[in-house]
Chemist: 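Please read through the structure below; I'll follow up with questions.
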Amino acid sequence: MDDKIEHAKELVAEAIRNYPRIAVACSFGKDSMVVVHIAREVDPDIKIFAVMTQYKPVETYEYLKLMNKKMNLNTTVYMVAESVPEILQDDSIDMVLLPPGEFNRKSAQIEAVSGKKIYISDPDECCRLLKVDPIRAAVSELDAWICGLRNTEGRTRVDYQEVELKGGLFKVNPILTFTEAEIWRYMSAHGIEPHPWYGLGYRSLGCAPCSHPGGEHERDGRWQNTSKCGGECGIHTQNLK
Ligand code: SF4
């Protein structure tokens, strides 16, 4: 475990040396909290950004605000929304709002045809509009981003590499080889309190309608009963630049 932490710090330090325009993506799930903590041990001023959606549970917004203050993260939040949701109104959070027109139009069309919410009938399109497009905005001025991906999270993450180049953007995954148990050990050893949903049996957190507790693998609870059960929202599979 100590070796993995040291290796993760070396990866972050090397990435900062190689790519001056770099930031850490934080979903405020357990893996993000560990990679953010490690990155800030290397560089306390490294930029942190998050993408939030209108479908994130209220507990995620509350946890974001709590940890942003506690860890002094200065998080920049990207979100498709007309205005800053009341729950995110906080001076320590820098909000970047993206116009919701396309999402509103598409979701109304899809729901009119299918009779179901967009996240049920077309979760790929929902994720594209609410997650992938905002991430594109977040990384548009970056050379590299640091993520909390891990190989053992589920079938879609087995082949990820510690450093990847996709579409002109480097992605660095410093905790790729950490196990779920090691993540919890790190959190506990460093006094990082977890998002409250882990106490309810969730193993991977996303938007409320698309996250469920339990599962054989960590990501099995994501997008259950849809075409992309246990899959990816697209931010790690598509070119972002
Ligand atoms: S996780 Fe679900 S609700 Fe969130 S953007 Fe994707 S499909 Fe939509």
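Just follow the structure's listing: the first ligand is 1, and inside any ligand the first atom is 1. Keep in mind that the numbers below use all heavy atoms, side chains included, and drop hydrogens, waters and symmetry copies.
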Chemist: Which atoms of ligand 1 have any heavy atom of Cys210 under 4.0 Å away?
Modeler: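 Going through ligand 1 atom by atom, the ones under 4.0 Å from Cys210 are 1 (S), 2 (Fe), 3 (S), 7 (S).
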
Chemist: Is there a side-chain contact between Glu41 and His37 in this structure, where contact means two heavy atoms from C-beta onward sitting under 4.5 Å apart?
Modeler: yes

Chemist: Just wondering, more than 12 heavy atoms not from Lys171 lying within 6.0 Å of its NZ?
Modeler: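 Enclosed: over 12 neighbouring heavy atoms sit under 6.0 Å from NZ of Lys171.
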
Chemist: Is the shortest side-chain N to carboxylate O distance from Glu153 to Arg203 below 4.0 Å?
Modeler: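 No, this pair does not count.
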
Chemist: In chain order, what residues pass the salt bridge (Lys or Arg N to Asp or Glu O under 4.0 Å) check against Asp94, with sequence neighbours excluded?
Modeler: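 Checked Asp94 against salt bridge (Lys or Arg N to Asp or Glu O under 4.0 Å); zero matches.
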
Chemist: As an exercise, identify every atom of ligand 1 less than 4.0 angstrom from a heavy atom of Pro123.
Modeler: 7 (S)

Chemist: N/O/S atom of Cys127 under 2.8 Å from atom 2 (Fe) of ligand 1, yes or no?
Modeler: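 Under 2.8 Å: Cys127 has no N, O or S contact with atom 2 (Fe) of ligand 1.
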
Chemist: Does only the side chain of Cys126 get under 4.0 Å from ligand 1, or the backbone, or both, or neither? Count heavy atoms.
Modeler: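 Both the backbone and the side chain of Cys126 come within reach of ligand 1.
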
Chemist: Does Lys65 pair with Glu62 as a salt bridge, N-O distance under 4.0 Å?
Modeler: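 No, no charged N to carboxylate O under 4.0 Å.
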
Chemist: Please could you name the atoms of ligand 1 that Tyr55 approaches to less than 4.0 Å, counting only its heavy atoms?
Modeler: 3 (S)

Chemist: Going by the atom numbers of ligand 1, which of them fall below 4.0 Å from some non-hydrogen atom of Cys207?
Modeler: 1 (S), 3 (S), 4 (Fe)

Chemist: Could you list the atoms of ligand 1 found under 4.0 angstrom from a heavy atom of Tyr119?
Modeler: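 The list of qualifying atoms is 2 (Fe), 3 (S), 7 (S), 8 (Fe).
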
Chemist: Tell me every residue that passes side-chain hydrogen bond (donor to acceptor under 3.5 Å, both in side chains) with Glu111, counting only those two or more places apart in sequence or in another chain.
Modeler: none

